[in-house]
Structure formats: structure tokens, C-alpha cells
Number of protein chains: 2
Amino acid sequence: MYSFTEENYLKAIYKLQEQSDVSINTNAIALSIQTKAASVTDMIKKLSDKKLLKYEKYKGVELTKEGKRVALETVRKHRLWETFLHSKLNFTWDAVHDVAEQLEHIQSAELIDKLDEFLGFPTHDPHGDPIPGRNGEIQQSNFILLSEFKVGEKGIISGVVNHSSLFLKHLEKNQLTLGRKIKITEASAFDLSMQIVLDDKNTQQLSHEVARNILVKKTK
Amino acid sequence: MYSFTEENYLKAIYKLQEQSDVSINTNAIALSIQTKAASVTDMIKKLSDKKLLKYEKYKGVELTKEGKRVALETVRKHRLWETFLHSKLNFTWDAVHDVAEQLEHIQSAELIDKLDEFLGFPTHDPHGDPIPGRNGEIQQSNFILLSEFKVGEKGIISGVVNHSSLFLKHLEKNQLTLGRKIKITEASAFDLSMQIVLDDKNTQQLSHEVARNILVKKTK
DNA sequence: AATAATTTTTAGACAAGTCTAAATTATTTT
DNA sequence: AAAATAATTTAGACTTGTCTAAAAATTATT
Ligand SMILES: [Mn+2]
Ligand SMILES: [Mn+2]
Ligand SMILES: [Mn+2]
Ligand SMILES: [Mn+2]
């Protein structure tokens, strides 16, 4: 249907749009997709011709309904594959993304439906990101940044903001993985670091930099 | 490493070489890969420059060691994916090939090793074809054409010669699937058709056309 | 409002892969 | 051995996607 490259552009634009909500400019796309602004302009024209986005010279772009549909489908495929790699093939959560970047472009509706079923219709990927449904429905999760938590509050680690391999490996090493129960025991007004207890036993000190990249589902 | 297209050419040449053993000519490749002879000549030159095959103008091609290595790796990936699709995702055996044609080009050694392990190191794909090992070792199977069997002989259905969807669906419908026990009860000298018994109960009449496309492992 | 700085687009080129039509080379037939 | 036929290669063009350098438009600064 749509090419490897087209899917990547649409996905990148979708993610930028998700964050900022205004129309997306050329440089932002170039940065996110690791290419040059001139290449982006070229591709944008083609996608506009195909009615996948609305483009006005010098004004940036906005996805059409169909463009958004393709983007969401690609995100769905990406996250389902990440889930497969992690939960079935035992890839670590920092290794799944690169392979999923390739797998997300395999063209087969049957494959994705069957993979979804095989995985038990997961709702979130190994990083806690929601997996869009067949029709692009994406369930809004009420996760809160750990850095927003107050002393005494509790929750379950449910996602990450930073997806870099370096950060994910750091979390893994400190057992700060999805599903872990976490409770804030101290918070420093000076450097915004926190003391936490994991699963009611393991006490740790977290820097603000770490805390502001962890998403937690609040519990009582 | 090597592109989608390069892998496809190498795989196609490998399969032709496997069958005929002489050097492979342009038209045969064009036919097998569904392209034009002129395109084949272009690509052959590139593969020759990269030392993946030996090419003499007007004389055909032969894979080098490295060319064969890449071909076998691609075959390995293809057959492992087919096995995954069939045994884990419940694809029918006539539907796996097309999707595997895409999946075989995913670049990740870790992925293939882990998939292999996840599948329990299978030795044969859903069509009975052997799966090359990590180092390209391919185990020679001693399957015999059903059409060669004599009355009274027994065996286990273990593979197919014809891989077309039409043929595979026909076999499926008649329960002539891999692993089934089969015994020849009659053979017609006139049209070479056979009467067989499946799993000691189901009696069927098979045309020569069907029998000569089924591979059976002989048992006593 | 004019100038400077930044962003975006255009112009022109390149790589991979494919194609048609024409030219070569090899093989078969006479 | 020449002529006819078949196979293969070359020439030149096209598509997708990318890039650099230069031009044009927009935004920020004075
Ligand atoms: Mn990812
Ligand atoms: Mn993810
Ligand atoms: Mn196949
Ligand atoms: Mn197969």
C-alpha cells in the first residue's frame, strides 16, 4: 500500500503532532527522521499529492484522516512487534525498538491480527506506551510523572518518557521495571532527588533526571 | 548488510543452482524472480562487483562462497518465519510463504537466533523443507516421491514438491498433511493413480499428478 | 521599516532498481 | 558455412528517495 518511507514520515509527523498540536514544520520533521530539510520538502509534496496530509508552503503540515490512519496503524504494528520481541523472544526492553522499526513495515493485515491474538490483545508495549486498536482507538492512560509524586504516595511503575537505550538499561539495572510497586519515602527540596522503596523492600535514591522520566500509575 | 533485492537475487540463483548444478543463465533468473532479462543483467553486474557471484558475459553465473552464504541465510530466515507463522500464529500452510517473503529480509542476527530457539530449533518448515542451521548446514532428507511407492509400502507424509497455494489447499482438504501415516493399497498401471489409506482408516484415490508432488518418509 | 538571521524551498545531481527497444553474441537449422 | 532464431547485453529513460548549494520567504532584531 504505502511505502516503507511514507509510513515513516507519517508516523514521525503523527508523533510530533501528538506532542505539540500545532502544525508541524519542516525542520522538526527533518530532525525527528534524521534527514535533511530539502528531503522533507520533497516527500511532503508527494504525501500531499496523495492526500495523506495538508501542506501549505512555508506553513508546515497537518495529517489528513487517512494520513493519521496510516500513522496509527504503523504505531500499532510497531508496538505489537515490540511486545512480541519482549514477551515471547526475551529481548530486553532496550533492544526491541530497532528491530520493531523494521518489522512495523511488513504488509499483512492477517499477520497483525493474528499476532495481536497470539499476544493476548495487549494494551501496552514494553515501555508502557498504549497499543492502538484495529481501528486506531488509543486508550488514554492516566500515568503520572514520578517526579510529581509527594512523600507517602504509592504507585506502580507503568511507563517511561525517555526511550533511550542508556536510560532503559539504567532502569533495568536498578530494578525500576514496569509493574514494580513504588513508594516515595523522602524528597529533597534541594536537588529534587527522591528516596523510594520498591516492592516494600528495596530502598533507593533517584535523581530528578531519573524521576521525571518514569511514569507511574497512582495507587492507594 | 545486503539489500532486499540483492538477497532475493541470491536466493533465486541458489535455488536454481540447487536444481540444475550447471551455471545459471539470465532468462532462468528473470523467470524465477518475475522480472526482465535486462534487469537481471544489470543486477548480476553489481553482484559480481561485490564478489557475490562469478559472471562471464553470455555464459551465466555461479555463486561464490559468500553469495551462497547469504542465500542460505535468507533461506534459513524464510523457513523459520514460515514455521513461526504456521505453528504459532495458525496461518495455514498455503498462506505462510507470501508473508515470509517479506519477513526474511529483516536484518537482525539476534532476532533469528531467538526465533529459532522460541520455535524449539525446528529442522523443517511447514512444507517439509529443511531449515539451514546457523552456519548454513542443510540436512539432506531421505524423502521419496509418493508416486515411487509400491503397493503395500508405508510411510509418513513429510513434504511437498509443488508449493502452490492451489495444491496445498487441495491437500489440506483431503487431510494429506505433514505427519499423516500413509499406506499404498492399490496402484493403477493405466493412469498411475493410487489408492491409499490414511492413518489406517481413511481410504482415498490419488491421481498421479497429486502423488508425484508429495514427499514421503518410508516406514516399515 | 530596514536589516539580519533563520527557515524553507528550488535546482540539479546521484544511487538503486526497473523497463523497453535496439544491438550483439550464441546457437540451431538449413 | 550461411541464414535464421534465440538469448543476452547495451542504451537510454523512468521512479523513489536522498543530498548539497543556492535562492526565496519568513521571522526577529535594530
Ligand atoms: Mn519503539
Ligand atoms: Mn515502545
Ligand atoms: Mn516459502
Ligand atoms: Mn516453505
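In the text below, chain A, chain B and the rest are named by the order of the sequence lines, each starting its count at 1.
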Secondary-structure notation, DNA chain D, from Watson-Crick and G-U pairs under 3.5 angstrom (| other strand): ||||||||||||||||||||||||||||||
Send over the distance from A:I44 CD1 to C:dT10 P, rounded to a whole Å. 11 Å
Return yes if some donor-acceptor pair links the side-chain N/O of A:E6 with the main-chain N/O of A:S3 below 3.5 Å, else return no. yes
Figure out the CG/P separation between B:L10 and C:dG17, and round it to whole Å. 11 Å
Within the distance-only criterion (no hydrogens, no angle test), does the side chain of A:T64 pair as donor or acceptor with the backbone N or O of A:K51 below 3.5 angstrom? yes
For B:T35 and B:L31, indicate whether the former's side chain and the latter's backbone hold a donor-acceptor pair under 3.5 Å. no
Selection: residues 46-57 of chain B, any non-hydrogen atom under 4.0 Å of DNA chain D: B:Y55, B:K57
Candidate nucleotides D:dG17, C:dC19, C:dG17, ranked by approach to the side chain of A:S3 - the nearest: D:dG17
With the side chain of A:K45 defined as its heavy atoms from C-beta on, choose the nearest nucleotide among D:dG17, C:dT10, C:dT18. C:dT10
In terms of side-chain heavy atoms of B:A38, which of C:dT9, D:dT8, D:dA11 is nearest? D:dA11
Is it true that a side-chain atom of B:Q17 and a backbone atom of B:L63 form a donor plus acceptor pair closer than 3.5 Å? yes
Could you tell me whether B:K114 sits above the aromatic face of A:F91, with NZ or CZ closer than 6.0 angstrom to the six-membered ring centre and within 45 degrees of the axis? yes
Of the listed C:dA21, C:dG17, D:dT18, the closest approach to the A:M43 side chain comes from D:dT18
Would you classify A:D42 as touching base, sugar-phosphate or nothing, given that sugar-phosphate means primed atoms plus P, OP1 and OP2, and contacts are heavy atoms under 4.0 Å? base
Just checking B:F4 against B:Y9, ring centres under 6.0 Å apart? no
Compare side-chain N and O positions of A:N25 against OP1 and OP2 of C:dT8 and report whether any pair is under 4.0 Å apart. yes
Hey, would you say the A:H78 and A:H97 ring centroids sit under 6.0 Å apart? yes
Would you check if the side chain of B:W81 reaches a backbone N or O of B:L103 as a donor-acceptor pair within less than 3.5 Å? yes
Pairing donors with acceptors under 3.5 angstrom, does anything connect the side chains of B:E82 and B:H86? no
Tell me if a side-chain donor or acceptor on A:R79 pairs with a main-chain N or O of A:P130 at a distance below 3.5 Å. yes
Select one nucleotide: of D:dG17, D:dT10, D:dC19, the one nearest the side-chain heavy atoms of A:T5. D:dG17
In residues 27-37 of chain B, what residues come within less than 4.0 Å of DNA chain C, judged by heavy atoms? B:T35, B:K36
Could you check whether B:S39 gets within reach of a base, just the sugar-phosphate, or nothing at all, counting any heavy atom under 4.0 Å? base
Salt-bridge present (B:D116, B:R76; N to O < 4.0 Å): yes
Can you measure B:E7 atom CD to C:dG17 atom P for me and round it to whole angstrom units? 11 Å
Any side-chain heavy-atom pair from B:F118 and B:L80 closer than 4.5 angstrom? no
If you pin B:K59 and A:Y58 to their nearest nucleotides in DNA chain D, which one's is more 5'? B:K59
Answer with base, sugar-phosphate or nothing: what part of the nucleic acid does A:T26 contact at a heavy-atom distance below 4.0 Å? sugar-phosphate
